[in-house]
Amino acid sequence: MKKIYSKLQAINSRITDCEKEIKAVKQLPFYSIFNREAKREKDLEALQELLNSLLHQKVETLHALTLQISQEKLAVTSLLQHH
């Protein structure tokens with residue numbers, strides 16, 4: 001369960017980083033100063049795809065964690081019934 005939880009924390013960290021990067025790209029004057037708005041859109045599109053992928057990974061990891069928790073509950077319940 002610790003491994004799954006660690007993976008979830010890593011994904012959350014990457015999501016936060018990606019969201020910060022999206023915000024930065026939206027606000028950076030570089031694109032407008034050098035007339036690179038098309039590049040900004042491509043960068044935002046790539047970042048949004050990455051964010052979507054990370055969100056899907058988070059859902060999968062949460063599902064795995066939920067299954068692991070259910071298994072742990074069953075094991076503990078079983079132990080309690082035998083004592």
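Under the ring pair (Phe, Tyr, Trp, His ring centres under 6.0 Å) criterion, Phe30 pairs with Phe34, sequence neighbours left out. With sequence neighbours left out, the side chain to side chain contact (heavy atoms under 4.5 Å, CB included) criterion links Asp17 to Ser13. Take Lys26 and apply the side chain to side chain donor-acceptor pair (under 3.5 Å) test, not counting sequence neighbours, and it matches no residue.
In this structure a side-chain-to-backbone donor-acceptor pair under 3.5 Å is missing from Ser78 to Leu74.
Here Lys7 contributes atom NZ and Glu60 contributes atom CD; the two are 7.0 Å apart, rounded to the nearest 0.5 Å. A distance of 9.5 Å separates CD in Glu21 from CG in Leu44, rounded to the nearest 0.5 Å. One finds the OG1 atom of Thr77 at 11.0 Å from the CD atom of Glu72 (value rounded to the nearest 0.5 Å). Distance check, rounded to the nearest 0.5 Å: CD1 of Ile4 to CG of Leu8 gives 9.5 Å.
For the pair Ile11/Ile15, a side-chain contact is recorded, criterion being any heavy-atom separation below 4.5 Å from C-beta on.
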Side-chain donor-acceptor contacts of residues 50-57 below 3.5 Å, not counting sequence neighbours, with atom names and distances?
{"residue": "Asn52", "atom": "OD1", "partner": "Gln48", "partner atom": "NE2", "Å": "3.2"}
{"residue": "Asn52", "atom": "ND2", "partner": "Gln48", "partner atom": "O", "Å": "3.4"}
{"residue": "Ser53", "atom": "OG", "partner": "Gln57", "partner atom": "NE2", "Å": "3.4"}

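Grouped with Val76 in one hydrophobic cluster are Leu80, the linkage being side-chain heavy-atom contacts under 4.5 Å among Ile, Leu, Val, Met, Phe, Trp and Tyr residues.
Of the candidates Leu67, Leu65, Thr61, His63 forms a side chain to side chain contact (heavy atoms under 4.5 Å, CB included) with just one, namely Leu67.
Residue pairs satisfying the side-chain hydrogen bond (donor to acceptor under 3.5 Å, both in side chains) criterion with at least one member in residues 27-40, sequence neighbours excluded, are listed as follows: Tyr31-Asp43, Glu37-Arg40, Lys39-Asp43.
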